[in-house]
Engineer: 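This is the structure I have questions about; it appears just below.
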Amino acid sequence: MPPRHWLMKVEPSAYTIDDLERDGHTGWEGVRNYQARNLLRDEIQVGDGVLFYASNASPSGVAGIAEVVTAGYPDPLQFRKGDDYYDAKATPEKPIWYSVDIAFVERFPAVLPLADLKANPKLRKMMVVKRGMRLSVQPVTAAEFAEVCRMGRHATR
DNA sequence: GCCAACGTTGGC
DNA sequence: GCCAACGTTGGC
């Protein structure tokens, strides 16, 4: 399977591309949506490209690039009693939620705003530009990934 | 802060 | 299994 491409959302209050640049890599934890879980568990592979998307931001948009460095594994937070992401129904034998690890690749000179993605006809089919699209892990085509990288490298504040 | 869109919960 | 109520997401 050739590397695929994904867009992953996170709010800047939780984690930023600067945090990822500092940390080098991080566990993508706390995803609590079944559709996104299925992608993390079943589809996402080492070497896949990631568009790092800042949501609920000003502006919201793609902040940089990351790369998947582990396949899906059980999200440790589901077992951590008291944690916001604790899930009493999950057990180590039957985990419910999954994570992957991602590594920093590149930080765009500025956030590439969602509005710019929407304005690019080549990106008309991207999930993230569609109204009401809340999925926090989304598949992205190779062509879309390349186009967003190209735009992001020219992003200016 | 508003509110539309969506996902989940729970009564029946 | 339906679906209304509720909670969350997330752009603006």
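The figures that follow rest on heavy atoms only: side chains count, while hydrogens, waters and symmetry mates do not. In the text below, chain A, chain B and the rest are named by the order of the sequence lines, each starting its count at 1.
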Engineer: Of the nucleotides B:dG7, B:dT8, C:dC12, which one has an atom closest to the side chain of A:Q35?
Structural biologist: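 The answer is B:dG7.
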Engineer: Does a salt bridge link A:R37 with A:D75, judged by any charged N lying under 4.0 Å from a carboxylate O?
Structural biologist: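 Judged by the 4.0 Å cut-off on N to carboxylate O distance, A:R37 and A:D75 do not form a salt bridge.
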Engineer: In this structure, how many angstroms lie between the P atom of C:dT9 and the CD atom of A:Q138, rounded?
Structural biologist: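 It works out to 15 Å between those atoms.
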Engineer: In whole angstrom, give the distance that lies between atom CG of A:L7 and atom C1' of C:dG10.
Structural biologist: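 Whole-Å distance recorded here is 13 Å.
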Engineer: Hey, are A:E106 and A:R153 close enough for a salt bridge, meaning a charged N less than 4.0 Å from a carboxylate O?
Structural biologist: yes
Engineer: Atom CG of A:L135 to atom C1' of C:dG11: distance rounded to whole Å?
Structural biologist: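 Going from CG in A:L135 over to C1' in C:dG11 covers 16 Å.
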Engineer: Pull out every protein N or O sitting under 3.5 Å from an N or O of nucleotides 2-4 of chain B, one pair per line with the distance.
Structural biologist:
unit_1: B:dA4; atom_1: O3'; unit_2: A:R131; atom_2: NH2; d: 2.7

Engineer: C:dT8 C1' sits how many Å from A:D84 CG, rounded?
Structural biologist: 14 Å
Engineer: If I compare all heavy atoms of A:I17 with all of A:G64, which pair ends up nearest, and what's the gap?
Structural biologist: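 Heavy-atom minimum between the residues: CD1-CA, 4.0 Å.
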Engineer: With respect to the phosphate group of C:dG11, does any side-chain polar atom (N or O) of A:S60 fall under 4.0 Å of OP1 or OP2?
Structural biologist: yes
Engineer: If we ignore angles and hydrogens, is there a donor and acceptor under 3.5 Å between the side chains of A:N120 and A:E147?
Structural biologist: yes
Engineer: In this structure, how many angstroms lie between the P atom of C:dT9 and the NZ atom of A:K9, rounded?
Structural biologist: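 About 11 Å, once rounded to whole Å.
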Engineer: Without hydrogens or angle criteria, can the side chains of A:W28 and A:D101 be said to hold a donor-acceptor pair below 3.5 Å?
Structural biologist: no
Engineer: Measuring from atom CZ of A:F108 to atom CZ of A:F52, what distance do you get when rounded to the nearest 0.5 angstrom?
Structural biologist: 11.5 Å
Engineer: Take atom CZ of A:R32 and atom C1' of B:dT9, then tell me their distance rounded to the nearest Å.
Structural biologist: 18 Å
Engineer: Name the nucleic acid region contacted by A:K130, choosing base, sugar-phosphate or nothing; use a 4.0 angstrom heavy-atom cut-off, strictly under.
Structural biologist: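 Nothing, no nucleic acid heavy atom in range.
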Engineer: Quick one: is C:dG11 close enough that its OP1 or OP2 comes under 4.0 Å of any side-chain N or O from A:Y53?
Structural biologist: yes
Engineer: Under the side-chain contact (heavy atoms from CB on, under 4.5 Å) test against A:P76, which residue among A:P92, A:P95, A:S99 passes?
Structural biologist: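 For A:P76, the side-chain contact (heavy atoms from CB on, under 4.5 Å) check succeeds only for A:S99.
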Engineer: A:N56 or A:M133: which one's nearest nucleotide on DNA chain B is closer to the 5' end?
Structural biologist: A:N56
Engineer: Let me know the distance between CZ of A:R37 and C1' of B:dG7, rounded to the nearest Å.
Structural biologist: 14 Å
Engineer: Measure the distance from CE on A:M8 to P on C:dG10 and round it to the nearest whole Å.
Structural biologist: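 Distance, rounded to whole Å: 14 Å.
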